J.: 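Provided herewith is a single structure, encoded as structure tokens, for subsequent inquiry.
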Amino acid sequence: MSDSSEVKKRPVLGLEASSAAAPSASAGGLARLPAWVRSWEALLLVLLVLSLALGSTLSPYFLSLSNFSLLISDMMEKALMALTMTLIVIAGEIDLSVASILGLASVVLGYTWSHGVPLGLAIVLVLLIGALCGLVNGLAVTRLGLPSLVVTLGTLALFRGLAYVVMGDQAVSNFPSAFTNFGFGTVPGTLIPWPFVLFVALALLFSLLLHRSTLGRQIYAIGSNKEAARFAGIRVEHIKLLLFVLSGLIAALAGVVFTARFSNARADNALGFELDVVTIVLLGGVNIFGGSGSLPGVVLSLLIIGVLRNALGLADISGDIQNIAVGALLILSVLGPNAVRRLQEAASRRHAAADGPAGGLAPSARSAPEETGAAAREGGQRR
Amino acid sequence: MEVAAPQAAVPVIELVGVSKRFGAIQALKEVDLSLYAGEVHALVGENGAGKSTLVKILAGVHRPDRGLLKINGEAVELRSPAQAQAAGIAVIHQEPTLFPDLDVAENVFMGHQPRDRLGRIDWRRMYHEVEQLLQSLGVELNVYLPVRGLSVADRQLVEIARALSQDARVLIMDEPTASLSPREVEDLFAIVEQLRARQVAILFVSHRLEEVFRLASRVTVLRDGQRVITAPARALTAEETVRHMVGRELAALFPKEEAAIGEVVLEVRHLTRAGVFRDVSFQLRRGEILGLAGLVGAGRTEVARVLFGIDQAESGQILVDGRPVSIHSPRDAMRYGIAYVPEDRHQQGLVLDFSIARNMTLSILQRVARFSLIRSRQELKIAADYAERLRVRGGRLTQPVRALSGGNQQKVVLGKWLATEPRILILDEPTRGIDIGAKAEVHRIISELAARGLAILLISSELPEILAMSDRVLVMHEGRVSGLFSRAEADQEKVMLAATGQNRQSS
């Protein structure tokens, strides 16, 4: 009897639990992301304001339109990769090889262009290679049943190594101006960088995909309970494979953007970017164990990381030191929700104790009946 | 109704007014239970009556919300399984959990190995003591064998030896015979008799009444978390006990309607999956409920998994509407109109974090979407339709199913599969762990579905359910079909004999 009432003991980020407890769950398209998105995003907004304040105290140049244009431009590769990373993490997997695919893509673009391949064709080739890298990751995860953490940690080294094989420590930088103009040019008459336009278009597309489409629904189901998804007829492995291919493709696209922005193809391009990408996604409220999270949150967290890096850069703080801040944020973004959950549990414990067991569906009972029972009793004893 | 046992004045262990609630479910309500040294006390009740919860309270896994636990007359609090063990309470599980790579002796003495003067493990003494212990029980078991290869019965012996090595005074046997062969059951009973002679207090949890009346001196019946009666075994008959367990007439509990039985929809020929089941054949007709009975591990769920494309058969044929089909995935199965309500509701049936509506439409996403975009209104409409038809209660459609009671969760799973408009419905333990009221409702739904022409394969471990609901009963034993009975032929005894494989030996 108690077996059946026992809830699967899976580490769940606490804000999800609060969604169940939230009194005013709004219906509609994003029905699954009611109150907790608001509360988590509120927290992110506070963080954003803090980092903006930090930026303005660190440098007088920080609060200028041209700096913001630069700041956004600087984030674009990470922003693109965070889109697919969000989908993959919600599906319960991870792709650590994205920055290496970016590097490989950049190098292949430089190599083929410098060897006389027309740029358009070279870009198509690069995107195909990115998709192929994703396919390798995806097949290893879905066919061989290996954990994606290990697979993509391996290909992180592998793809980067391939980039060095192609070009060694050489660089290609004589790209045509039409291409580099896309990289660091802006929409005429504004300070909006062209890559940002690309990002906005893709972000809208991915939001629609994740939050409105049948594929998005299936991604949430897979991340939430893989077995139940399978029993419901969802092609779990098929969808995961698709996501890894998509991730490789977008990483290669980010490689093209990176190459255009710096007019530079080198094997060590975007080295270590995966740290930022994973941080952006987790700080954005995506559950590292899969099943929950949203793109609006990820976009907010993208801004925070961008502002933070920019502000620290203006203050002449080196990238390595900046990494300390980002690393700390990554850990906080996983710890934070857990701390919030503890607080909520403590609150519901008091609530349950006050209500007594006859209170019917106490909010906390929805997330963890076991713990509530124990909590109610402890509360009772304390009184 | 309390009857003092003659052996001792003070019970070894006693529960007084114990209550326990999990979320919306009151698992136990003011239950009293006493165990005396040298008695075998049977605890019976249907699935979901609260037996497991009571066992877990005695074992220190759960703590009661209200009420007292007394050992030798003194109120104590068991905060962990370790404390329960230290207090002399041991549990023998249906499927013992041991360290598979350690040998028998190491498992027996795990955590309290005999030491020599230097604090090192005294291996020679350990093996010697285990050998003596097993000998005193009249058991032959090589103490150097790793536990991994042992049968369930032998692993239970290891648990019993382990309990005795810790001087356990209370032994709780939780459905110990569920996975045993008749021969092994006899051996186990001989050991239980010995333990009784050693003045161990034994709580024997079972729903097999013949075993209960053979072994127990007293019987306690639980129903819906409450104690219905405690009486000396000789003062009760099996019929009375069943009446106490279900609390109403069987006919009222299982409302099976007459349905017109039509043509064969599903046929299985010589289906085999190595090591799991062999040569399984049967036919299932429109409007028919075919009960699939058998003990745990007989291969029933495994057959269902193959029919639904989760696993693959090695040989044999599956025919839908007389045409051979190959089913490689749940998607294939759904294409042929097969739906499967799985055994494990939480792991396989539902996405607990999803709302009622989202669970109900998970298998028919294409039908609620246009251009692959989900239309919320359409989704809610379909969900509302099935929620109303199945009378799902306890929440708005946008609420996570986690918040629902077991019975309502099961209705959501049913709704999800009915939404696929299947023609063949496989139900695997559809009423496990749900309360009696919801159970009757699920039975009503199943019966209505059959009346509307669905072909239903009903897998259940509850014989009364199988007997009352099924038009025919197919019985499996150790991976093979061991009996097929019409509704008129089938009775508890015949099905049970087939399920334990005894009908073969006698014929």
Side-chain angles (χ1 to χ4, degrees), chain A residues 1-8 10 12 16-17 19-20 25-32 34 208-209 211-218 220-225 227-235 291-292 357-358 360-370 372-374 376-378 380, chain B residues 19-27 47-53 56 62-65 225 308 310 329-331 333-334 340 342 344-355 357-358 362-363 365-366 368-369 372-374 376 380 394-396 398-400 402-403 406 416 420 432-434:
Chain A
M1 159 126 218
S2 63
D3 283 330
S4 64
S5 69
E6 242 166 33
V7 171
K8 179 180 57 161
R10 189 173 65 99
V12 182
E16 208 180 10
S19 80
S26 67
L30 307 184
R32 231 190 133 247
L208 203 63
L209 187 78
H211 297 306
R212 293 293 309 277
S213 79
T214 53
L215 179 66
R217 180 68 61 79
Q218 295 178 75
Y220 278 109
I222 290 170
S224 207
N225 184 342
E227 203 179 357
R230 182 157 158 251
F231 273 78
I234 292 173
R235 290 186 289 178
S292 72
L361 284 177
S364 50
R366 297 165 184 172
S367 50
E370 285 269 25
T372 310
R377 192 196 53 256
E378 276 165 15
Chain B
S19 298
K20 180 75 187 172
R21 168 184 277 272
F22 298 105
I25 298 160
Q26 183 78 48
N47 288 350
K51 292 174 296 182
S52 300
T53 307
K56 283 182 180 166
H62 295 322
R63 283 184 278 171
D65 297 335
F308 195 59
I310 303 275
S329 68
R331 250 182 140 71
M334 285 159 69
Y340 176 47
D344 186 336
R345 204 156 47 233
H346 287 176
Q347 282 301 319
Q348 303 167 338
L350 295 168
V351 179
L352 288 175
D353 293 330
F354 271 25
S355 66
R358 288 184 177 205
L362 195 56
S363 292
L365 282 177
Q366 283 317 319
V368 296
S372 286
L373 294 183
I374 293 170
S376 305
L380 286 175
R396 286 186 307 273
T398 51
Q399 203 175 44
R402 194 187 282 287
K416 164 175 144 184
T420 68
R432 176 180 285 175
I434 67 182

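Computed from a predicted model, the values in this text were never measured in an experiment. Naming convention: chains lettered A, B, ... in sequence-line order (proteins, then strands); numbering from 1 in each chain.
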J.: Taking all non-hydrogen atoms of both residues into account, name the closest pair between Pro330(B) and Arg230(A) and its distance.
T.: CG-O, 3.3 Å
J.: With only heavy atoms counted, which part of Ser329(B) is less than 4.5 Å from chain A, the side chain, the backbone, both or neither?
T.: neither
J.: Tell me the closest heavy-atom pair linking Gln218(A) and Leu365(B), and the distance in Å.
T.: CG-CD1, 3.5 Å
J.: Heavy atoms only: give me the nearest Gln347(B)-Glu227(A) pair and the separation to one decimal.
T.: O-CB, 3.6 Å
J.: Could you tell me which non-hydrogen atom of Ile374(B) sits nearest to which non-hydrogen atom of Ser213(A), and how far apart they are?
T.: CD1-O, 3.7 Å
J.: In a check of side chain to side chain contact (heavy atoms under 4.5 Å, CB included) between Ser372(B) and each of Leu208(A), Leu215(A), Leu209(A), Thr214(A), which one passes?
T.: Thr214(A)
J.: What part of Leu350(B) gets closer than 4.5 Å to chain A, counting heavy atoms only: side chain, backbone, both or neither?
T.: backbone
J.: Can you find a pair of side-chain heavy atoms, one from Arg217(A) and one from Phe354(B), that are under 4.5 Å apart?
T.: yes
J.: Chain B: which of Ala229(A), Gly233(A), Ala232(A) shares the most heavy-atom pairs with it under 4.5 Å?
T.: Ala232(A)
J.: Quick one: does Leu352(B)'s side chain get under 4.5 Å of Asn225(A)'s, heavy atoms only?
T.: no
J.: Indicate the atoms forming the closest heavy-atom contact of Tyr340(B) with Phe231(A), along with that distance.
T.: CE2-CE2, 3.4 Å
J.: With chain A as the partner, which of Thr420(B), Val351(B), Val368(B) has the greatest number of non-hydrogen pairs under 4.5 Å?
T.: Val351(B)
